[in-house]
Amino acid sequence: QLQACGGGLVQAGGSLRLSCAVSGRTFSSGTVSWFRQAPGKEREFVAGIRGGSTKYCADSIKGRFTTSRDYAKNTMYLQMDSLKPEDTAVYYCAAGSPISSTRSSPEAYTSWGQGTLVTVSS
């Protein structure tokens, strides 16, 4: 199971940190990733950690968002800085075992958290 939290309302240029508590699996097993879905748009990949250490992210958030994990708490974080109105979306964490070519595809993930809403005002 995955439990995401930390969303909220923030002004453009501000920061938020999302948390994803993972139970039933460890970070060394498979991949845990963040996705987001804005109103009227498809769910898109944001960032992920494979095998507990290999990180990758979407070009749209490079230099602004970073991922980290706390092994003791089995929790993954998404630190979001320099937020923009276009970052407004429901953010989901997901777990699975995608191959490299599918790691940014929602269909490759088998477990999903409930989503947390991030709203960035201009």
Side-chain angles (χ1 to χ4, degrees):
Q1 287 187 331
L2 298 92
Q3 185 87 14
C5 64
L9 174 63
V10 63
Q11 289 188 330
S15 298
L16 280 175
R17 189 177 79 157
L18 306 183
S19 300
C20 176
V22 181
S23 60
R25 65 188 299 152
T26 63
F27 282 112
S28 61
S29 173
T31 299
V32 180
S33 294
W34 289 98
F35 287 80
R36 67 185 181 185
Q37 188 166 19
K41 295 188 176 181
E42 294 186 350
R43 192 167 298 188
E44 65 172 355
F45 171 79
V46 176
I49 299 179
R50 180 177 62 84
S53 59
T54 304
K55 299 181 180 181
Y56 46 94
C57 65
D59 290 340
S60 60
I61 58 90
K62 277 184 180 177
R64 300 191 299 122
F65 294 7
T66 56
T67 54
S68 62
R69 69 270 183 260
D70 184 323
Y71 286 109
K73 296 181 179 179
N74 217 32
T75 297
M76 178 175 176
Y77 302 98
L78 180 68
Q79 177 66 41
M80 305 186 294
D81 299 318
S82 302
L83 281 161
K84 304 175 181 180
E86 50 264 43
D87 294 318
T88 294
V90 176
Y91 284 71
Y92 300 88
C93 58
S97 300
I99 58 176
S100 295
S101 61
T102 63
R103 65 190 184 194
S104 60
S105 299
E107 294 77 14
Y109 292 79
T110 54
S111 299
W112 290 84
Q114 81 284 10
T116 185
L117 177 63
V118 172
T119 304
V120 184
S121 62
S122 57

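A quick note: this is a predicted structure, and the numbers were derived from the prediction, not measured.
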Gap separating the [atom1] atom of [X] from the [atom2] atom of [Y], nearest 0.5 angstrom:
X    : Y    : atom1 : atom2 : answer
S100 : R50  : OG    : CZ    : 5.5 Å
K84  : S122 : NZ    : OG    : 14.0 Å
R17  : T66  : CZ    : OG1   : 10.0 Å
T67  : Q79  : OG1   : CD    : 11.0 Å
R64  : S15  : CZ    : OG    : 10.5 Å
R69  : S19  : CZ    : OG    : 14.5 Å

Could you tell me whether the side chain of [Y] reaches within less than 4.5 Å of the side chain of [X], counting heavy atoms only?
X    : Y   : result
T119 : L9  : yes
L83  : F65 : yes
R36  : L78 : no
M80  : D87 : no

Which heavy atom of [X] sits nearest a heavy atom of [Y], and at what distance?
X   : Y    : answer
M76 : I49  : CE-CG1, 3.8 Å
L2  : S111 : CD1-CB, 3.4 Å
A21 : T75  : CA-OG1, 3.9 Å
C20 : W34  : CB-CZ2, 3.6 Å
S97 : G30  : OG-CA, 4.0 Å
G7  : T116 : N-OG1, 3.0 Å

Co-members of L117 in a cluster of I, L, V, M, F, W and Y side chains, linked at under 4.5 Å: F35, F45, Y56, V90, Y92, Y109, W112
Quick one: does any side-chain atom of [X] pair with a main-chain N or O of [Y] as donor and acceptor, under 3.5 Å?
X   : Y   : answer
N74 : V22 : yes
Q37 : A89 : no
S33 : A94 : no

Under the side chain to side chain donor-acceptor pair (under 3.5 Å) test, residues paired with E86 that sit two or more places apart: none
K62 bridged to D59 by N-O distance under 4.0 Å: yes
Pairwise salt bridge (Lys or Arg N to Asp or Glu O under 4.0 Å) hits with a residue in residues 112-122, at least two apart: none
